[in-house]
Amino acid sequence: MSVRDLPLLEVRDLAKSYGDLQALKPTGFDLWPGEVLAIVGESGSGKTTLLSCLAGHVPADGGSVRFRLRNGEDVDLLQMAEAERRLLARTEFGLVHQNPRDGLRLNISAGGNIGERLMAVGWRHFGRIRAEALAWLDRVEIDRSRVDDLPRAFSGGMQQRLQIARNLVTRPRLVLMDEPTGGLDVSVQARLLDLLRRLVAELDLAVVIVTHDLAVARLLSHRMLVMRRGQVVEQGLTDRVLDDPQHPYSQLLVSSILAA
Amino acid sequence: MSSTYNFAYLDEQTKRMLRRAILKAVAIPGYQVPFASRDMPLPYGWGTGGIQVTAALLGQDDVLKVIDQGADDTTNAVSIRAFFARTAGVATTERTAEATVIQTRHRIPERPLHAGQILVFQVPIPEPLRFLEPRERETRRMHGLADYGAMHVKLYEDVARMGRITTSFAYPVKVAGRYVMDPSPIPKFDNPKLHDCPALQLFGAGREKRVYAIPPHTTVESLDFEDHPFEVQRWDRPCGLCGSTKSYLDEVVTDDRGGRLFCCSDTDFCRERRDRMEAGR
């Protein structure tokens with residue numbers, strides 16, 4: 001069996017409480033290499049808590065998150081030492097924040113933002129770091145002449161694309177995205193979605209994307225989890241869930257989309 | 001010596017606390033050790049950290065030298081020297097070779113230090129990662145995990161904007177292959193002197209309440225890129241007073257018609273060379 005035949009991520013009984021509030025009830029799912037999984041649900045349903053636990057930003061109360069390394073070995077992200085987890089986070093994972101200002105260094109040029117991960121994994125040749133940064137600006141459709149500009153001089157859509165480039169530069173295999181199209185206007189959203197779709201296919205990324213926008217889920221994802229009150233109420237292929245929702249909550253969610 | 005003060009101004013308990021912090025700093029080269037910094041009779045930014053470290057180190061037989069930007073005769077240097085002459089009654093000197101403890105603001109003497117000497121730096125901001133990460137909790141964790149990749153981002157920005165590394169003071173170094181350290185605002189010209197120095201080097205930051213150290217003969221590397229290696233400043237002329245081509249030069253405006261003089265910032269080094277030239281004549 002090759003690495004491709006095994007799940008990249010196996011999440012089992014992942015749970016998180018904030019005091020008495022159980023934000024995430026024991027949850028499990030598998031994610032396969034190259035697969036895009038959407039997590040949908042209303043505000044407060046535990047989507048972001050789930051993502052934060054996966055990213056290691058919030059310590060989970062229990063459960064396991066097994067991640068398969070390139071050599072086929074699997075490791076439990078929740079049990080790892082922090083130093084190893086940080087190294088893994090820089091090389092194998094990406095995390096795209098809803099607000100690009102959380103994911104970018106605003107006082108550092110666009111090139112520096114893209115190069116940071118490369119320098120963090122040991123690149124020490126300026127010319128090569130810069131060439132790689134320029135190549136990534138091309139890929140995310142930002143003009144090369146903007147490489148030395150500060151991100152705060154960029155539009156919201158450009159900042160979001162820069163954040164994506166910054167995350168993908170070390171060729172991660174798993175990218176976590178928290179509402180990547182939130183706060184952008186519709187035409188910019190469409191362009192960003194096109195870009196994401198192309199990059200996901202080109203780089204064979206596995207993606208967990210949290211969104212409340214079912215259109216984004218429909219366009220990007222293969223599979224979908226519907227969450228409510230910290231629980232997964234329904235999961236399945238995206239088209240199946242959206243066209244034939246089984247759980248009353250999913251039905252409500254799907255029927256609440258305005259037909260334009 | 002004024003008998004109304006305890007020896008070297010600080011009380012004995014405070015000095016013990018400081019010595020413990022210093023010992024820990026020496027044991028872990030480059031690591032910032034917190035200490036309970038006291039109010040000193042001089043303002044923050046004038047060397048409250050350095051003066052406390054010096055107070056904890058001084059013994060009756062020590063000979064103290066104080067320099068400010070290399071000079072023995074500027075306000076800061078004169079007043080700190082006078083302060084210890086009065087409160088500790090120790091001998092003071094302007095000669096680098098004779099001193100056992102040298103408190104310095106922003107320079108390392110040009111004359112190579114020898115074993116047994118202690119160099120005390122005054123440090124304004126001890127955290128080299130502060131530029132990238134404002135949270136103290138996070139910078140401590142980054143030090144703990146040796147998570148230093150981001151350090152090169154600052155150098156990247158220099159090269160991207162100016163075509164070369166323009167950071168010219170407080171140039172970050174890696175100590176003993178482990179901790180990244182801010183060598184206080186010394187010019188990068190002095191960075192190579194930190195490496196394998198026979199003297200003990202101590203760094204005190206009074207406002208930030210940290211001490212750190214480079215023990216004698218410790219490896220100290222300046223961070224750089226493969227295609228933009230670390231370089232020190234150079235001048236295209238010698239010192240206008242002593243003719244040295246190997247020292248760090250200050251530019252002094254001499255008149256209002258554009259006249260200027262480049263001379264050694266280390267006044268003792270310059271004087272020593274001029275004395276030798278006098279004697280040789």
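It should be emphasised that the depicted structure is a prediction, and the values quoted were computed from it without experimental measurement. In what follows, chains are A, B, ... by sequence order, proteins preceding strands, each numbered from 1.
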Smallest heavy-atom separation, D227(B) atom then F126(A) atom, equals OD1-N, 2.7 Å
What residue, out of G122(A), G127(A), A83(A), G112(A), has the most heavy-atom pairs lying under 4.5 Å from chain B? G112(A)
State whether the number of non-hydrogen atoms from other residues, nucleotides or ligands found under 6.0 Å of R164(B) atom CZ is greater than 12. no
Taking side chain as everything from C-beta outward and backbone as N, CA, C, O, which of these in R90(A) sits under 4.5 Å from a heavy atom of chain B? Side chain, backbone, both or neither. side chain
In this structure, are over 12 heavy atoms from other groups packed under 6.0 Å from E141(A) atom CD? yes
Evaluate the side-chain contact (heavy atoms from CB on, under 4.5 Å) criterion for residues R128(A) and E226(B): first the C-alpha distance (whole Å), next the side-chain angles of each, then the deciding distance (0.1 Å), finally the verdict. CA-CA 10 Å; R128(A) 282 202 280 276; E226(B) 287 159 16; 3.7 Å; yes
Are there more than 12 heavy atoms of other residues, nucleotides or ligands under 6.0 Å from atom CD1 of I125(B)? no
Exercise: identify the closest heavy-atom pair between M119(A) and Y156(B): CE-CB, 3.6 Å
Do you know the tightest heavy-atom contact between A160(B) and R130(A)? CB-NH1, 3.6 Å
Nearest 0.5 Å, what's the CD-CG distance between E82(A) and D147(B)? 8.5 Å
By ring-ring contact (aromatic ring centres under 6.0 Å, His included) - contacts of Y148(B) (at least two apart): H143(B)
When you look at CZ of F262(B), are more than 12 heavy atoms from neighbouring residues, nucleotides or ligands closer to it than 6.0 Å? yes
Is the number of heavy atoms from other residues, nucleotides or ligands under 6.0 Å of R16(B) CZ greater than 12? no
Rounded to the nearest 0.5 Å, what separates atom CG in L118(A) from atom NE2 in H152(B)? 12.5 Å
Just checking heavy atoms, which of residues 98-111 of chain A are less than 4.5 Å from chain B? R105(A), N107(A), I108(A), S109(A), G111(A)
Strictly below 4.0 Å, N to O, side chains only: are R86(A) and E138(B) in salt-bridge contact? yes
